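Before any comments, here is the structure.
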Amino acid sequence: MLRALEDLVDTLFDFGDPDRVGGWEPVGDRVMGGVSTGRLETGPGGLAVFHGEVLLANGGGFASVRSGPGAFDLSRHAGLLVEARGDGRTYRLSVRTDPWFDAVAYQARFTTRAGERAVHRLPFDAFRATWRGRPVPGAPPLDPSRICAFGIRIGEGQAGAFRLELAAIRAWRRPG
């Protein structure tokens with residue numbers, strides 16, 4: 001899908017590799033009393049499937065999965081690409097610059113079209129600082145050289161079953 005940009009793109013997560021899927025853990029609204037579910041599993045055709053159900057009961061309303069910690073110096077890159085087949089819902093790609101479980105996350109939204117595989121382009125300046133899904137006023141902008149974890153999240157009142165099939169997460173380099 002990205003052949004024209006191949007020399008400017010670095011693959012961070014190729015979800016066709018089952019070992020890359022197993023390192024992602026669910027983090028849901030149960031931490032605040034909610035009852036939503038969500039998990040990432042190996043799916044058909046070299047895709048990983050993030051699926052579950054968002055329930056608004058008990059003050060909940062989100063589901064997410066998070067990669068294990070790592071070191072991703074993306075200072076030479078302009079942003080991230082999410083290649084996925086969606087269900088018509090809006091998701092957030094999260095990145096963290098601190099390894100702590102409850103640290104600030106930087107999130108950017110992308111909206112899918114039901115049944116359509118697409119590459120969602122998320123420039124680093126589109127990522128906004130959040131803590132537990134809420135904006136963090138006055139937070140510094142995302143520093144791509146410090147990224148240490150990734151996540152996918154659904155929430156924002158989108159109750160019901162969801163399914164996002166992920167092919168890859170990549171970073172695109174600035175030309176030159």
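Quick note: numbers below take in every heavy atom, side chains included, and nothing from hydrogens, waters or symmetry partners. Keep in mind that this is a model prediction, so the values were computed, not measured.
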Which distance, rounded to the nearest 0.5 Å, do you find between the OG1 of T90 and the CG of L164?
-> 11.0 Å
Tell me, yes or no, whether the heavy-atom count around R113 atom CZ, taken from other residues, nucleotides or ligands under 6.0 Å, exceeds 12.
-> no
Report yes if some heavy atom in the side chain of W172 is under 4.5 Å from a heavy atom in the side chain of P123; otherwise report no.
-> yes
Decide whether F124 and V104 are clustered together by the hydrophobic rule: side chain heavy atoms of Ile, Leu, Val, Met, Phe, Trp, Tyr closer than 4.5 Å, transitively.
-> yes
All side chain to side chain contact (heavy atoms under 4.5 Å, CB included) counterparts of L47, not counting sequence neighbours = R85, R117, E165, A167
Tell me whether Y106 is reachable from W24 by hopping between hydrophobic residues (I, L, V, M, F, W, Y) whose side-chain heavy atoms are closer than 4.5 Å.
-> yes
Working to the nearest 0.5 Å, report the span between CG of D87 and CZ of R163.
-> 9.5 Å
Give the cluster check for F110 versus I169: same hydrophobic cluster or not, with ILVMFWY residues linked at side-chain heavy-atom distances below 4.5 Å.
-> yes
Which atom pair, heavy atoms only, marks the closest approach of R174 to A78?
-> CG-CB, 3.9 Å
Mind checking side chain to side chain donor-acceptor pair (under 3.5 Å) for R128 and listing every partner two or more places apart, or none if nothing turns up?
-> none
For T112 and G88, work out which heavy atoms get closest and say how close.
-> OG1-N, 3.0 Å
Apply side-chain contact (heavy atoms from CB on, under 4.5 Å) to F15 and L40, showing your working.
-> CA-CA 10 Å; F15 291 108; L40 187 70; 4.0 Å; yes
Could you tell me whether the side chain of T130 and the main chain of A105 form a donor-acceptor pair under 3.5 Å?
-> yes
L122-L166 co-clustered via ILVMFWY side chain contacts under 4.5 Å = yes
Taking every non-hydrogen atom, the tightest pair across E53 and L55 = OE2-CD2, 3.5 Å
Donor-acceptor under 3.5 Å (N58 side chain, G60 main chain) = no
Under the side chain to side chain donor-acceptor pair (under 3.5 Å) test, residues paired with T37 that sit two or more places apart | none
Within the distance-only criterion (no hydrogens, no angle test), does the side chain of R96 pair as donor or acceptor with the backbone N or O of A103 below 3.5 angstrom?
-> yes
Going from CG on L56 to OG on S36, what distance comes out if it is rounded to the nearest 0.5 angstrom?
-> 7.0 Å
When the ring planes of F72 and F13 are compared, do they come out parallel, tilted or perpendicular, using 30° and 60° as the limits?
-> tilted
Closest non-hydrogen atoms of P26 and V65, given as atom of the first, atom of the second and distance, are CA-CG1, 4.0 Å
Could you go step by step and tell me if F127 and L80 meet the side-chain contact (heavy atoms from CB on, under 4.5 Å) rule?
-> CA-CA 10 Å; F127 284 79; L80 299 170; 3.8 Å; yes
Is atom CD of E25 surrounded by more than 12 heavy atoms (other residues, nucleotides or ligands) closer than 6.0 Å?
-> no
Measure across A57 and V35 and return the closest heavy-atom pair with its distance rounded to 0.1 Å.
-> CB-CG2, 4.1 Å
Contact check, side chains of V54 and Q158, non-hydrogen atoms, under 4.5 Å | no
Quick one: are L74 and V95 in side-chain contact, heavy atoms under 4.5 Å?
-> no
Report yes if some heavy atom in the side chain of L93 is under 4.5 Å from a heavy atom in the side chain of I152; otherwise report no.
-> yes
Given the options R173, R170, R76, D10 meets salt bridge (charged side-chain N to carboxylate O under 4.0 Å, His left out) only with R173
Once the angle between the rings of Y91 and F162 is folded into 0 to 90°, is it parallel (under 30°), tilted (30 to 60°) or perpendicular (over 60°)?
-> perpendicular
Looking only at atom types and distance, does a side-chain atom of R20 sit under 3.5 Å from a main-chain N or O of L12, one as donor and one as acceptor?
-> yes
Where R89 and A159 come nearest, the two heavy atoms and their spacing | NH2-O, 3.4 Å
T97 side chain vs R146 backbone, donor-acceptor pair below 3.5 Å | no
